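See structure below.
Everything numeric in this text was worked out from a predicted model, so none of it was measured. So you know, we letter chains A, B, ... as the sequences are listed, proteins then strands, and number each from 1.
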Amino acid sequence: MRIATWNINSVTARLPRLLAWLESSGTDVLCVQELKCTPAQFPHEELRALGYEAAVNAVGRWNGVAVISRAGLDDVVTGLPGGPVYEDAEEPRAVAATCGPVRVWSVYVPNGREVDHPHFAYKLRWLEALRAAVAEDAAGGRPFAVLGDYNVAPTDDDVWDRSAFEGATHVTPAERAALADLREAGLSDVVPRPLKYDHPFTYWDYRQLGFPKNRGMRIDLVYGNAPFAKAASDAYVDREERKGKGASDHAPVVVDLDV
DNA sequence: ATGGCTGGCTCCGCCAGA
């Protein structure tokens, strides 16, 4: 089974690439983030034509996540149980589904903006709620993973230049401690191999030639429980998908599972 | 070929992304 996560930065703008990539990659289960669409705008019909169904959590302009599967779609949970609100809104940042032998969450962790911004405290509360929500599945015997855009670089090797991130979000001890809490709950970082260069970056800013200069970050993560990690036979970043006109600023992370 | 932001929305600038 081939499973992947990809921040597509608008499902509407990315639809041709999304459909083409699903077909060319042979992905069975794809967790997507940043749909930027209303429920009515989600392309269920186009996906169904390729044999996929989708569990969607979206409300409009910002955020939005989905699990797209051709391996089954059961026991859907929409939204993060016990998750915090931001400015009185429950943002669409999580959706879960069981796809055949595997259960997955597709998550879009809040960005945080600045370390002294209310959004940063919201980010930490969100990650704590995520840990609580997935603890039971993380400790269970069924292959389980939380895939998505975590907006945290787990180590200094996961950014192109640590000195460029002084005082910035995504690299702070508090954010990394939240990831450590997830690992404590029974999940491990299924680190992909890069298809080029030394670091398996998953995101490159659109600005200032970020991609050609490989000024990237590894912030799209696959955190799997022990049965999931054991079943993983390969994992890689499909950086080819970051190339060309109409690319997302994130590349897909792909995991092959023997299940 | 991988090229100096992009997408969506309320409207022709602004916010958010990280």
Atom [atom1] of [X] to atom [atom2] of [N]: distance rounded to whole Å?
X: A:Arg61; N: B:dT6; atom1: CZ; atom2: P; answer: 18 Å
X: A:Asn9; N: B:dC9; atom1: CG; atom2: P; answer: 13 Å
X: A:His119; N: B:dA18; atom1: NE2; atom2: P; answer: 10 Å
X: A:Arg215; N: B:dT2; atom1: CZ; atom2: C1'; answer: 15 Å
X: A:Arg93; N: B:dG17; atom1: CZ; atom2: P; answer: 7 Å
X: A:Asp205; N: B:dG4; atom1: CG; atom2: C1'; answer: 11 Å
X: A:Glu241; N: B:dA1; atom1: CD; atom2: P; answer: 17 Å
X: A:Arg17; N: B:dG7; atom1: CZ; atom2: C1'; answer: 15 Å

Salt bridge (charged side-chain N to carboxylate O under 4.0 Å, His left out) evaluation trace for A:Arg93 with A:Asp149: CA-CA 10 Å; A:Arg93 295 180 175 276; A:Asp149 180 353; over 6 Å; no
Between the base of [N] and the side chain of [X], is there any donor-acceptor pair under 3.5 Å?
X: A:Arg207; N: B:dG4; result: no
X: A:Asn111; N: B:dA18; result: yes
X: A:Lys245; N: B:dT2; result: no

First of A:Leu35 and A:Arg113 reached from the 5' end of DNA chain B, by closest nucleotide: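 Its nearest nucleotide lies further toward 5', so the answer is A:Leu35.
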Nearest of [options] to any side-chain atom of [X]?
X: A:Ser10; options: B:dG8, B:dG17, B:dG3; value: B:dG8
X: A:Trp62; options: B:dC15, B:dG17, B:dT2; value: B:dC15
X: A:Thr12; options: B:dG8, B:dT2, B:dG4; value: B:dG8

Please tell me if [X] has a side-chain N or O lying less than 4.0 Å from either OP1 or OP2 of [N].
X: A:Tyr108; N: B:dA18; result: yes
X: A:Arg14; N: B:dG7; result: yes
X: A:Asn151; N: B:dA18; result: yes
X: A:Asn7; N: B:dA18; result: yes

P atoms of B:dA18 and B:dT6, separation to the nearest Å: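 Rounded to whole Å, the distance is 16 Å.
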Span that lies between the C1' atom of B:dC14 and that of B:dT10, in whole angstrom: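 Result for the C1' pair: 9 Å, nearest Å.
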A:Arg2: salt bridge (charged side-chain N to carboxylate O under 4.0 Å, His left out) partners, not counting sequence neighbours: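 For A:Arg2, the residues satisfying salt bridge (charged side-chain N to carboxylate O under 4.0 Å, His left out) (neighbours in sequence not counted) are A:Asp256.
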Residues which pass salt bridge (charged side-chain N to carboxylate O under 4.0 Å, His left out) with A:Asp137, listed by chain and number, not counting sequence neighbours: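 In terms of salt bridge (charged side-chain N to carboxylate O under 4.0 Å, His left out), with neighbours along the sequence ignored, A:Asp137 is linked to A:Arg103, A:Arg142.
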Donor-acceptor contact present, side-chain [X] to main-chain [Y], <3.5 Å:
X: A:Arg17; Y: A:Gly246; answer: yes
X: A:Asn57; Y: A:Ala94; answer: yes
X: A:Trp126; Y: A:Pro110; answer: no

Separation of A:Asp189 CG from A:Leu179 CG (nearest 0.5 Å):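 Answer for the CG-CG pair, A:Leu179 versus A:Asp189, is 8.0 Å.
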Strand partner of B:dT2, provided both Watson-Crick or wobble distances fall under 3.5 Å: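 Partner of B:dT2: none.
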Any-strand Watson-Crick or G-U partner of B:dG7, both distances under 3.5 Å: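 When the pairing criteria are applied, B:dC15 turns out to be the nucleotide that pairs with B:dG7.
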Those residues of residues 161-179 of chain A lying under 4.0 Å from DNA chain B by at least one heavy atom: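 Residues of residues 161-179 of chain A that come under 4.0 Å of DNA chain B are, in numerical order, A:His170.
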With sugar-phosphate meaning primed atoms plus P, OP1 and OP2, does [X] contact a base, only sugar-phosphate, or nothing at under 4.0 Å between heavy atoms?
X: A:Lys123; value: nothing
X: A:Arg239; value: nothing
X: A:Asp149; value: sugar-phosphate
X: A:Phe120; value: nothing
X: A:Ser248; value: nothing
X: A:Gly244; value: sugar-phosphate

is_close_aromatic(A:Phe165, A:His170), centroid dist under 6.0 Å: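 For A:Phe165 and A:His170, the ring centres are not under 6.0 Å apart.
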Parallel, tilted or perpendicular: rings of A:Phe211 and A:Trp204 (30°, 60°):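 Aromatic pair A:Trp204/A:Phe211 classed perpendicular.
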